[in-house]
Amino acid sequence: MKLLPICRSLFLVCLLFILSDCGETDLGGQLTLDSVEDISFIPGLSIEENFNTPSDFQEGALSNVQISGAGELQLERLVIGETGRLSISEEINLGPPTQVQFRNTYEDPVVLAYIPSRNNNESLDVRVNNVGSTGMEIFIEDPNADGISNPETVTYLVLEKGRHTFANGLVIEAGVLNTSNHHASPGGFGGDPVLFSQAFVSPPIVLHTLNTYNNGAFKSSVCDSVNTTQMTLAQETAQTSTPTAAEDIAWAAFSTGSGSLVDMNYVFKVEDNGNNQGVDNAPQDITYTGFVTAPDLIVKGASGGGADGYWMRGAGTWSSTNHDAFAEEDQVDDGERSHANESFQVAAFSPDSTIGIFETQGSFEIPTINLSKVKFVESSRVEWASQLEPGTNIVVESNLSLDGGLSWGGFKNLNSADSIPDLDGGEDVSNGLLKIRVTLLSSDEEITPVLENLQVVVEATQSLPN
């Protein structure tokens, strides 16, 4: 409320006369009557709110935004997967499985795994069990069950079940098949048909790994007959002659190609030199680009070339540019390890990748500020610091109520360091409330704007406004 100087003086004189006549000495904290001749104004208190730490941002209402590792605000990451690696020093029959904690939480995850190293010459494979939303068990198994001398490196990929399509053209679909169908030497390859939820433009690469351990004996998985709409999957018994209980086979299909996705480089391709690729032959050489160090690799077969049965295993070379792999066979009933030509399905990721994209819009609203202690406004401002890449933006708005929240003026855009709309000086805010909302926007799912800090200042006047 603004009063002209003359009106204000008349008002005060009248008020003092009435109160002195009634014996009153307190005017609600804004005017005090020390004597009829002595009138003083008690100013309000200025407000300064700062948001520049994770705990500060967590005080507000967050929608589709998250706090980065640097303690700044950014659009939320829609995570659908992650990769990792670990060392395993013993087989499951001679030691417990390794417990793995995921870096992210999933609703319905599937896990693919592979052994890219070759520190032992045994016919080893890797298997997963007890997959949950936050972790899993993983272990090495050997058809001969005679132990290993040296630790092996195991790489793994976690994916949220379902179909995921990205703006850059990448398509990933992941699922689980529960089956007791299996391939055993010397039988032909078949398996259960698995249909994709939608057709791929061209045949995808397919990865697969057992995600249960119901047999309690060596099993692997085998894929065949991949086309744009479906494939077949089965357990792989090879020549071990073990009984077959139903198991979960986790699978994932990827559109072929290479690229990047939010700090992650990837390559999805098929390698097939047309030659025999068993341990007694020469390995399949796999090449890729886009990595500074050896990537997290998953290599699987997707053909039925050798009736003895097989699974993929690292042959020794594993670098930033290439990897050698064998079509591995067991040696339970047959010591030879020559194997017919197979199709090597290759997925390579930057080490310890997080797979996902950013939301395109999110918001942060600070807790409502009670302006009553300010009393009368001298000045106001909202300032912020941000990082904006092309295609991103940050919009800051204010919303003011002068009647304790009964009515609001509506959100209005702000420029950093400018006055808050309707709070440019002299306003009576004894019943004032203030809301500040920050909206983060991006037109590119691979980048996000970053809000580094936010400051809200409402300064109280030191004298009655004119």
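As a basis for the values below, the full set of heavy atoms in this structure was taken, side chains included, without hydrogen atoms, waters or symmetry mates.
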Straight-line distance of Thr360 OG1 to Ile447 CD1, nearest 0.5 Å = 12.0 Å
What pair of heavy atoms forms the shortest contact from Gly71 to Pro54, and how long is it?
-> CA-CG, 3.8 Å
Taking everything shown except Glu107 itself, do over 12 heavy atoms lie less than 6.0 Å from its CD?
-> no
Is any side-chain heavy atom of Arg127 less than 4.5 Å from a side-chain heavy atom of Asn215?
-> yes
Could you tell me whether the side chain of Trp318 reaches within less than 4.5 Å of the side chain of Arg118, counting heavy atoms only?
-> no
Just by modelled atom types, is the Thr321 backbone N or O under 3.5 Å from a matching donor or acceptor in the Ser319 side chain?
-> yes
In terms of the angle between their ring planes, are Tyr114 and His323 parallel, tilted or perpendicular, with boundaries placed at 30° and 60°?
-> perpendicular
Close side-chain approach of Glu59 and Ile366, heavy atoms under 4.5 Å | no
So, does Ser380 use its side chain to make a donor-acceptor pair with the main chain of Leu423 at under 3.5 Å?
-> yes
Taking Asn431 for the side chain and Gly404 for the main chain, is one N or O donor matched with an acceptor at less than 3.5 Å?
-> no
Any side-chain heavy atom of Ile420 sitting closer than 4.5 Å to one from Val382?
-> yes
Side chain to side chain contact (heavy atoms under 4.5 Å, CB included) evaluation trace for Glu452 with Asn52 | CA-CA 7 Å; Glu452 297 176 338; Asn52 51 25; over 6 Å; no
Backbone of Ala460 reached by a side-chain donor or acceptor of Ser46 within 3.5 Å | yes
Evaluate the criterion side-chain hydrogen bond (donor to acceptor under 3.5 Å, both in side chains) for residue pair Glu397 and Asn399; output intermediate values, then yes/no.
-> CA-CA 7 Å; Glu397 301 167 288; Asn399 194 359; over 6 Å; no
Working for side-chain hydrogen bond (donor to acceptor under 3.5 Å, both in side chains), residues Asn370 and Thr368 | CA-CA 7 Å; Asn370 189 329; Thr368 300; over 6 Å; no
Any donor-acceptor pair under 3.5 Å linking the side chain of Glu378 with the backbone of Gln462?
-> no
Hey, would you say the Phe139 and Tyr213 ring centroids sit under 6.0 Å apart?
-> yes
Full working for side chain to side chain contact (heavy atoms under 4.5 Å, CB included) between Trp384 and Ile436 | CA-CA 12 Å; Trp384 61 92; Ile436 300 293; over 6 Å; no
Describe, in one word, how the ring planes of Tyr156 and Phe102 are oriented to each other, choosing from parallel (under 30°), tilted (30 to 60°) and perpendicular (over 60°).
-> tilted
Establish, yes or no, whether a centroid distance under 6.0 Å links the rings of Tyr288 and Tyr266.
-> no
Would you say Asn150 has more than 12 foreign heavy atoms packed within less than 6.0 Å of its CG?
-> yes
State the NZ-CD1 distance between Lys373 and Ile47, to the nearest 0.5 angstrom.
-> 5.0 Å
Does any N or O in the side chain of Lys300 come within less than 3.5 Å of the main-chain N or O of Ala113, such that one atom is a donor and the other an acceptor?
-> yes
Please say which of Asn178, Asn129, Asn211 ends up in a side chain to side chain donor-acceptor pair (under 3.5 Å) with Asp248.
-> Asn178
About how many Å separate CG of Leu433 and OG of Ser407, when rounded to the nearest 0.5 Å?
-> 10.0 Å
Compute whether any side-chain donor of one residue and acceptor of the other, for Glu137 and Gln99, lie under 3.5 angstrom apart.
-> yes
Asp422/Lys412 salt bridge by N-O under 4.0 Å criterion | yes
Check the pair Val270, Gln345 against side chain to side chain contact (heavy atoms under 4.5 Å, CB included), reporting the backbone distance first and the verdict last.
-> CA-CA 5 Å; Val270 176; Gln345 313 280 290; 3.6 Å; yes
Would you please say whether a donor-acceptor pair under 3.5 Å links the side chains of Tyr106 and Glu82?
-> yes
Measure from the side-chain N and O atoms of Asn413 to the backbone N and O of Val395, and report whether any donor-acceptor pair falls under 3.5 Å.
-> no
Ser353 side-chain N/O to Ile355 backbone N/O, donor-acceptor pair under 3.5 Å | no
Heavy-atom side-chain proximity of Phe196 to Thr228 below 4.5 angstrom | no
Please tell me if the side chains of Leu157 and Leu207 come closer than 4.5 Å, counting only heavy atoms from C-beta onward.
-> yes
Quick one: CG on Asn64 to CD on Gln74, what's the gap to the nearest 0.5 Å?
-> 12.5 Å
Chi angles and distances behind the side chain to side chain contact (heavy atoms under 4.5 Å, CB included) call for Trp311, Ser221 | CA-CA 7 Å; Trp311 59 94; Ser221 55; over 6 Å; no
Minimum side-chain heavy-atom gap Ile249-Val176 below 4.5 Å | no
Measure from the side-chain N and O atoms of Gln284 to the backbone N and O of Ser343, and report whether any donor-acceptor pair falls under 3.5 Å.
-> no
Do the side-chain N and O atoms of Gln455 and Asn453 include a donor-acceptor pair separated by under 3.5 angstrom?
-> no
Can you find a heavy atom in the side chain of Thr439 that is under 4.5 Å from one in the side chain of Gln361?
-> yes
Going by atom types only, do Asn227 and Ser225 share a side-chain donor-acceptor pair under 3.5 Å?
-> no
Does Asp108 offer a backbone N or O that forms a donor-acceptor pair with the side chain of Glu160 under 3.5 Å?
-> yes
